[in-house]
Amino acid sequence: MQAFLFLLLLTVISIIAKNQSLLIASVFLLVLKAAGLDIKWFDMMQKNGINWGVTVITIAVLVPIATGAIGFRELGAALKSPYAWIALAAGILVALIAKNGVVLLAEDPHITTALVLGTVLAVALFNGVPVGPLIGAGIAYYAMKLFSVL
């Protein structure tokens, strides 16, 4: 019952915050739970959901390449810009940070609760985008390492 009420609360928050992503996610999970499909689907979604989400985001990012809007000429021209090099470095840095986030979540799964809460708050209250748990876990990983040294 607690999970149902929590999802209902998230649904209400998503309506108030006008956050369509959180609304769709919470209603989808409510429907699965109400239909009794949670036992069958939740474990699979929890194990594979991040990979599915990353795949969908990657597809969306690659669409301009698939449509021909971005080709080798545009890539070459972009790499002449200092901003492109900054973006390239940022992409590498974020991927490396997220890698350590996966390590942290595997070693310390209870931290997931705080990361999920932080992500939900950012999505609901600040119109954030829910791609943060792995990056958040990676940042937390480095912050914890720094804290343990100090």
Side-chain angles (χ1 to χ4, degrees), residues 3 6-7 9-33 38 40-150:
F6 203 146
L7 286 170
L9 175 64
L10 289 174
T11 301
V12 170
I13 290 170
S14 67
I15 292 168
I16 292 168
K18 297 178 182 161
N19 189 300
Q20 186 178 10
S21 297
L22 183 58
L23 178 64
I24 291 169
S26 57
V27 168
F28 178 75
L29 294 172
L30 274 170
V31 168
L32 286 179
K33 193 152 190 64
D38 54 325
K40 181 177 181 180
W41 290 96
F42 283 6
D43 187 51
M44 180 180 57
M45 288 189 300
Q46 187 170 356
K47 287 179 183 174
N48 302 307
I50 299 233
N51 289 331
W52 296 341
V54 169
T55 300
V56 170
I57 290 170
T58 303
I59 290 168
V61 169
L62 295 178
V63 165
I65 294 171
T67 63
I70 296 176
F72 289 111
R73 183 181 326 154
E74 290 78 14
L75 176 62
L79 291 179
K80 293 177 184 172
S81 159
Y83 293 132
W85 287 100
I86 292 169
L88 179 67
I92 291 169
L93 181 62
V94 167
L96 293 174
I97 289 171
K99 176 183 117 180
N100 287 309
V102 172
V103 170
L104 177 65
L105 293 177
E107 291 176 357
D108 200 357
H110 81 277
I111 204 76
T112 303
T113 305
L115 289 166
V116 168
L117 178 59
T119 300
V120 166
L121 288 173
V123 168
L125 302 176
F126 305 113
N127 210 21
V129 179
V131 296
L134 287 178
I135 305 296
I139 292 169
Y141 173 87
Y142 284 110
M144 289 174 191
K145 290 293 182 188
L146 181 63
F147 186 76
S148 69
V149 171
L150 300 176

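What you are looking at is a predicted structure, and each value in this text was computed from that prediction instead of being measured.
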For residues 73-83, which side-chain N or O atoms pair as donor and acceptor with protein atoms under 3.5 Å away, sequence neighbours left out?
{"from": "E74", "atom 1": "OE1", "to": "G71", "atom 2": "N", "distance (Å)": "2.7"}
{"from": "S81", "atom 1": "OG", "to": "Y83", "atom 2": "N", "distance (Å)": "3.0"}
{"from": "S81", "atom 1": "OG", "to": "A84", "atom 2": "N", "distance (Å)": "3.4"}

Please tabulate, for the side chains in residues 89-102, all donor-acceptor contacts under 3.5 angstrom to protein atoms that are two or more places apart in sequence or on a different chain.
{"from": "N100", "atom 1": "ND2", "to": "L96", "atom 2": "O", "distance (Å)": "3.4"}
{"from": "N100", "atom 1": "ND2", "to": "Y142", "atom 2": "OH", "distance (Å)": "2.5"}

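Closest non-hydrogen pair, L104 versus A137, comes out as CD2-O, 3.3 Å. Nearest heavy-atom pair across S26 and T11 is OG-OG1, 3.0 Å.
Not a single salt bridge (charged side-chain N to carboxylate O under 4.0 Å, His left out) links K145 to another residue, sequence neighbours left out. In this view, I13 and L9, A124 satisfy the side-chain contact (heavy atoms from CB on, under 4.5 Å) rule, not counting sequence neighbours. Residues satisfying the side-chain contact (heavy atoms from CB on, under 4.5 Å) test with M45, not counting sequence neighbours, are F28, L29, L32, W41, F42, W52. Listed by chain and residue number, nothing satisfies the side-chain hydrogen bond (donor to acceptor under 3.5 Å, both in side chains) test with S14 (two or more places apart in sequence, or in another chain).
For the atom pair L62 CG and T67 OG1, the distance stands at 10.5 Å (nearest 0.5 Å).
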